[in-house]
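Everything below concerns the one structure shown next.
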Protein chains: 2
Amino acid sequence: MSNYRTDTARLAAAFKALSNPNRLNIFSRLLLCCASGSACQVDQCMKIVVGELGKDMDIAASTLSHHLKALHQAGLISMQRRGQHVDCWVNAEMVEQLSFFLNISKN
Amino acid sequence: MSNYRTDTARLAAAFKALSNPNRLNIFSRLLLCCASGSACQVDQCMKIVVGELGKDMDIAASTLSHHLKALHQAGLISMQRRGQHVDCWVNAEMVEQLSFFLNISKN
DNA sequence: TCTATAGTTCGATATATGTCGAACTATAGA
DNA sequence: TCTATAGTTCGACATATATCGAACTATAGA
């Protein structure tokens with residue numbers, strides 16, 4: 001499987017999602033969430049609520065929402081409503097695919 | 001060291017360089033060049049001439065040049081004139097930095 | 001049922017990007 | 001010195017993107 005054109009397009013779309021500094025910043029926070037030593041609570045481990053992600057970032061709520069949608073559509077994050085809030089977390093498989101691509105010459 | 005803002009901007013710029021399908025395709029060819037089993041000659045190992053990179057891609061020479069410039073400015077590739085030709089090769093350190101970022105939670 | 005909180009969608013707008021062809025520069029070789 | 005080949009730069013243009021504020025939807029709690 002893995003049509004070359006489609007594959008390239010999919011990867012390019014994912015890289016595009018990481019190409020905006022604000023969006024990359026948001027994604028970083030998710031990547032770092034609950035990395036060894038961070039302070040997340042157990043039941044929220046790996047997840048952050050949308051509002052948290054935008055903290056100290058000086059962008060409008062609508063812009064934050066827009067960026068999260070872009071990350072989601074690129075397959076980089078997942079989102080799920082939990083009451084009033086929406087949880088976000090990294091989609092590890094997609095990150096793995098990007099990493100694999102970058103290290104293709106080593107494999 | 002490694003100012004956070006600057007770092008984010010640098011990484012975002014690199015991801016942006018990979019965000020266009022044609023550009024990603026060009027970069028793929030460089031990544032795969034001389035990966036185990038490929039057919040490059042020894043003295044050209046890891047390098048491809050600009051013209052080669054655009055083969056079968058159906059884009060204008062000027063567009064190819066534009067894309068290579070973008071990859072170069074993002075620190076992803078290096079270029080050097082050799083007579084009539086210009087050699088291109090991947091900048092492994094930059095690729096390593098992107099990979100490191102993606103795997104940050106594992107480190 | 002009313003209100004507050006958390007997010008999203010919409011429309012507008014300024015800016016950036018990808019692409020082309022034409023004109024240019026640099027090198028090799030006759 | 002002339003010509004062919006390899007790339008680059010320039011200017012134009014259509015399309016995509018980032019951002020905002022306003023209006024909207026969804027949920028929780030009084």
Side-chain angles (χ1 to χ4, degrees), chain A residues 5 8-30 33 43-44 47-89, chain B residues 5 8-30 33 43-44 47-89:
Chain A
R5 263 186 230 160
T8 302
R10 249 170 30 89
L11 288 176
F15 283 130
K16 175 176 282 179
L18 300 177
S19 75
N20 174 274
N22 281 335
R23 212 152 49 215
L24 185 60
N25 197 0
I26 292 166
F27 186 70
S28 292
R29 292 183 188 198
L30 277 177
C33 170
D43 67 344
Q44 291 189 323
K47 296 177 183 175
I48 314 184
V49 147
V50 168
E52 277 298 308
L53 281 172
K55 264 192 179 166
D56 311 319
M57 278 199 60
D58 204 33
I59 57 175
S62 56
T63 304
L64 173 60
S65 194
H66 167 74
H67 284 322
L68 288 170
K69 192 175 177 182
L71 289 168
H72 179 58
Q73 289 182 334
L76 283 162
I77 67 171
S78 297
M79 304 176 77
Q80 187 171 38
R81 180 169 277 280
R82 181 168 52 87
Q84 241 171 329
H85 300 260
V86 173
D87 285 332
C88 306
W89 64 98
Chain B
R5 263 186 231 160
T8 301
R10 250 170 30 89
L11 288 176
F15 284 129
K16 174 177 283 179
L18 300 177
S19 75
N20 174 273
N22 281 335
R23 212 151 50 216
L24 186 59
N25 198 359
I26 292 165
F27 187 70
S28 292
R29 293 183 187 199
L30 277 177
C33 170
D43 68 344
Q44 292 189 323
K47 295 177 183 174
I48 315 185
V49 148
V50 168
E52 276 299 309
L53 281 171
K55 265 193 179 165
D56 311 318
M57 278 197 61
D58 205 33
I59 57 175
S62 56
T63 303
L64 174 60
S65 193
H66 168 73
H67 284 323
L68 287 170
K69 192 176 177 181
L71 288 168
H72 179 59
Q73 289 182 335
L76 284 163
I77 66 171
S78 297
M79 303 176 78
Q80 187 171 37
R81 179 168 277 280
R82 181 170 50 88
Q84 241 171 328
H85 299 260
V86 172
D87 285 332
C88 305
W89 64 96

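Letters A, B, ... mirror the listed sequences (proteins, then strands); counts begin at 1.
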### Summary
Separation of D:dT9 atom P from B:His67 atom NE2, nearest Å, is 15 Å
### Query
Touch check for B:Ile59, heavy atoms < 4.0 angstrom, all strands: base, sugar-phosphate only, or nothing?
sugar-phosphate
### Message
Any non-hydrogen side-chain atom of A:Met79 less than 4.5 Å from a side-chain atom of A:Leu68?
### Response
yes
### Query
Which nucleotide, in any strand shown, forms a Watson-Crick or G-U wobble pair with C:dT19, with both distances under 3.5 Å?
D:dA12
#### Entry: Pair assignment for C:dA30, Watson-Crick or G-U wobble, requiring both distances under 3.5 Å
D:dT1
### Message
Walk me through whether B:Asn22 and A:Thr8 qualify under side chain to side chain contact (heavy atoms under 4.5 Å, CB included).
### Response
CA-CA 9 Å; B:Asn22 281 335; A:Thr8 302; over 6 Å; no
### Task
Indicate, with a heavy-atom threshold strictly under 4.0 Å, whether B:Leu68 touches base, sugar-phosphate, or nothing.
nothing
### Query
Tell me: CZ of B:Arg81 to P of D:dT5, nearest whole Å?
16 Å
### Message
Under 3.5 Å for both donor-acceptor distances, Watson-Crick or wobble: does D:dT25 have a partner, and if so which one?
### Response
C:dA6
#### Entry: Touch class at under 4.0 angstrom, heavy-atom based, for B:His66 against every strand present
base
### Task
Round to a whole Å and report the spacing from CG of B:Asn22 to P of D:dA16.
15 Å
### Query
Atom CG of B:Asp58 and atom P of C:dT19: how far apart are they, to the nearest Å?
11 Å
### Message
Quiz question: going by heavy-atom distance under 3.5 Å, is there a donor-acceptor pair between the base of C:dG21 and the side chain of B:Ser62?
### Response
yes
### Message
I need the CG-P distance between A:Asn20 and C:dA16, as an integer number of Å.
### Response
13 Å
